[in-house]
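To start, the structure under review is shown below, and the notes come after it.
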Amino acid sequence: MDSNRCRPFGPIVIDIDNITKHYAMGDETVHALRGVTLQIHRNEYLAVMGPSGSGKSTLMNMLGCLDTPSSGRYEFNGKDVSSMDGDELAEIRNKEIGFVFQTFNLLPRSTSLGNVELPLIYAGIDPETREERAAQVLRDVGLGDRMHHKPNELSGGQRQRVAIARALVNNPSIILADEPTGNLDSKTGQEIMALLEDLYERGNTVILVTHEPDIAAHARRTVHLRDGVIERDSLLTLQAQCLSHSRSSVG
Amino acid sequence: MKRLVYELSESWKIALAQMQANKTRSMLTALGVIIGIVAVTLMGTAISGIQKGFDKSMSILGDDVLYVSQFPWARVPDWWNYRDRREIKTQYAQTLNRLIDSTPNSNLIVAVPTSNIAKSVKYADNQVTNIFIQGTTSDYPLISVVDFTHGRFFNEMETKSAANVCLLGYDVADALFPSGSPINKEVLISGQAFKVIGVGSRQGSFLGLFSLDSIVMVPLPTFQRYFSAKSESDVRVKIRDKSKLGDAKDELTGLMRRVRALPPEKKNDFDINEQQAFKSTLDPVKNSIAIAGLFITGLSLFVGAIGIMNITFVSVKERTKEIGTRKALGARRRTILLQFLIESTALCIVGGAIGLTFAYALCFGIEHAFPSFPIQFSLGLVLTSMIVSVLTGLISGFAPAWSASRLNPVTALRYE
Ligand SMILES: Nc1ncnc2c1ncn2[C@@H]1O[C@H](COP(=O)(O)OP(=O)(O)O)[C@@H](O)[C@H]1O
Ligand SMILES: [Mg+2]
């Protein structure tokens with residue numbers, strides 16, 4: 001047992017307690033989440049895994065404050081978000097969360113720079129600072145020479161880099177990536193994973209949704225979902241191991 | 001606040017980019033607004049042009065001059081009550097002036113007689129018929145401004161001595177003397193020779209209203225010597241203060257009753273007219289233009305607004321995923337609402353600007369084709385058009401923009 005992995009975690013960023021989400025589909029009710037409890041600390045690298053339809057994206061939307069749970073409590077950085085209204089959630093998403101989508105979701109008529117500036121506009125940052133910061137993040141993800149290109153002039157990998165730059169530009173507390181390599185070939189996918197790894201190394205909190213085990217293998221912690229409940233959380237396993245390890249070394 | 005400004009300027013850029021990306025679609029959609037703005041501008045131009053031309057004609061009559069005449073200018077239903085009235089005599093002017101001078105603080109300044117008759121005027125081989133010959137005194141310039149291109153008004157001497165001199169209106173001079181100056185030439189007015197001593201400057205005629213361009217003025221005694229029969233006379237009285245028109249009218253009525261020696265129980269057997277009476281004749285013309293214009297404007301703006309509403313709904317639908325993305329990145333409801341409102345408004349503003357350009361070109365064309373029609377393309381019209389455009393954009397864009405702003409971010413992001 002590598003005792004290094006038993007090092008203490010940072011403060012808790014996300015604290016969800018027994019949340020559920022159901023959708024009304026005509027007469028039927030779809031239970032997408034059936035009671036999920038999860039804590040995520042600062043500078044974790046977590047992968048959410050599970051088969052299709054298991055509720056990964058629904059959980060992701062909850063974590064990203066795009067939606068509110070049907071029941072249960074959600075605290076983000078100590079603030080209760082389960083009762084916030086649409087504009088308050090928008091504020092949290094803008095300041096605290098960086099989204100990376102499977103389909104990139106760039107604005108087609110804006111340049112890389114324009115796309116990356118968007119969250120800064122919504123944050124009320126002045127134009128000069130905006131451009132400066134957007135340009136800096138684009139250089140950081142290796143796109144210093146693609147700032148004035150439109151999405152259709154970029155490769156898939158480059159588009160996802162622009163999206164990652166956009167997610168980073170507001171210095172969010174967490175980065176949420178839903179199947180970020182789903183639309184990329186495996187080589188480009190590996191490059192994107194290396195970039196996320198790098199972000200994690202630099203102190204960011206990264207949450208990844210994937211159904212591919214070799215993508216999930218990049219994360220330090222894996223949460224398995226099945227039918228809207230957590231089937232397995234590697235952190236809990238690890239904590240149990242560390243607990244017995246310290247007991248045995250003491251004993 | 002600052003945030004709102006940044007959001008607005010970003011929305012504006014997006015709106016323009018959106019229009020550029022869908023040029024044909026945007027143009028077709030804006031067509032209704034374009035037509036509406038052309039209609040409203042042309043209507044406004046026509047109305048203010050008519051008003052301007054009318055005012056000009058009226059200013060020739062003078063808005064501080066009362067006309068003592070035999071009959072009222074306005075049409076009356078009971079004309080039989082008027083037909084036995086005595087004629088107005090030019091001598092009244094002298095009596096009136098004496099009375100005015102002896103009244104302390106009179107509201108009236110001076111009375112000037114005129115007599116009018118239609119005659120033909122001839123010079124060499126050129127002849128103009130049915131010209132108003134007006135006899136008056138050298139006091140006439142006191143009640144009405146007379147501008148000259150050549151020469152001068154007749155003086156007191158020429159009036160008293162009944163000299164055969166005359167002033168030609170611009171159009172009369174133009175017709176009789178296509179080349180060369182008329183000054184000191186002799187024209188024939190129904191066979192009598194008159195020396196031309198002045199030519200009036202051009203005033204322009206409008207809708208057949210009264211214009212000094214087509215009259216000839218001669219001294220009153222001369223007029224009476226040759227043209228007395230069948231002429232019509234009036235006495236024009238200049239008032240001191242336009243704002244006391246009513247008082248002046250009352251005073252003049254009193255003076256005229258004295259002149260005519262009417263006992264108190266008798267009704268007035270004369271009328272005191274003023275140019276105000278003409279104003280009402282213009283209203284039906286203006287109103288019918290306004291009604292036609294407003295109808296066309298309203299209809300095309302209505303059709304235009306529906307088109308724009310439709311295209312904005314389409315745009316919202318097409319860009320549902322973009323709306324979801326923007327919301328994920330922190331756009332608030334207001335942000336999305338404003339973005340689509342600005343898009344519909346930008347479309348209308350561009351449509352309005354194109355419409356204005358068209359209307360301006362049309363006015364320019366009309367002005368050159370019909371120089372006598374007074375065109376008035378005003379800043380007020382430009383502002384009105386732009387306000388109408390903006391309002392159309394806001395109204396037609398509201399429903400789609402509202403629905404966009406209410407979209408659930410998750411639903412919007414899942415939209416394919
Ligand atoms: N907006 C929605 N309306 C109705 N059902 C939904 C909605 N979102 C998700 N679901 C349902 O909830 C379940 C979980 O979906 P999802 O979270 O997208 O799973 P995953 O991302 O793991 O594939 C699925 O059965 C899905 O059909
Ligand atoms: Mg999913």
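Order of the sequence lines fixes the chain letters, A, B, ..., with proteins taken first and strands second; residue numbering starts at 1 for each chain. Just so you know, these numbers use all the heavy atoms, side chains as well, and skip hydrogens, waters and symmetry mates. In this text the structure is predicted, and so the values were computed from the model without any measurement.
Under the 4.5 Å side-chain criterion, counting only non-hydrogen atoms from C-beta, N408(B) is not in contact with L66(A).
Residue with the most contacts toward chain B among E88(A), R166(A), E91(A): R166(A) (heavy-atom pairs, distance under 4.5 Å). Chain B forms the most heavy-atom pairs under 4.5 Å with one residue out of S57(A), G98(A), A90(A), and that residue is A90(A).
With a 6.0 Å radius and a threshold of 12 heavy atoms from other residues, nucleotides or ligands, E28(A) has its CD atom at or below the threshold. Within a 6.0 Å radius of OH in Y360(B), no more than 12 heavy atoms belonging to other residues, nucleotides or ligands are found. The neighbour count for F295(B) CZ, taken as heavy atoms of other residues, nucleotides or ligands under 6.0 Å away, does not exceed 12. Atom NZ of K150(A) has 12 or fewer neighbouring heavy atoms from other residues, nucleotides or ligands inside a 6.0 Å radius. At most 12 non-hydrogen atoms from other residues, nucleotides or ligands lie less than 6.0 angstrom from CZ of R42(A).
Residue E10(B) touches chain A through its side chain alone, counting heavy-atom pairs closer than 4.5 Å. In this structure, the portions of I121(A) lying under 4.5 Å from any heavy atom of chain B include both its backbone and its side chain. Of the two parts of T103(A), only the side chain, counted from C-beta on, holds a non-hydrogen atom closer than 4.5 Å to a non-hydrogen atom of chain B. Contact annotation for N170(A): neither backbone nor side-chain heavy atoms come within less than 4.5 Å of a heavy atom of chain B. Heavy-atom distances place the backbone of I125(A), and not its side chain, under 4.5 Å from chain B. Heavy-atom distances place the side chain of N61(A), and not its backbone, under 4.5 Å from chain B. Using a 4.5 Å cut-off between heavy atoms, L4(B) does not touch chain A at all.
A distance of 9.5 Å separates OG of S110(A) from NZ of K13(B), quoted to the nearest 0.5 Å. Going from atom CD of E7(B) over to atom OH of Y122(A) covers 7.0 Å, rounded to the nearest 0.5 Å. Taking CG of D67(A) as the start and OG1 of T411(B) as the end, the distance is 7.5 Å to the nearest 0.5 Å.
Taking every heavy atom of both residues into account, G124(A) and Y6(B) meet most closely at O-CE1, 3.5 Å.
The contact list for residues 321-334 of chain B toward chain A, using heavy atoms and a distance under 4.5 Å, reads K321(B), E322(B), T325(B), R326(B), K327(B), A328(B), L329(B), G330(B), A331(B), R332(B), R333(B) by residue number.
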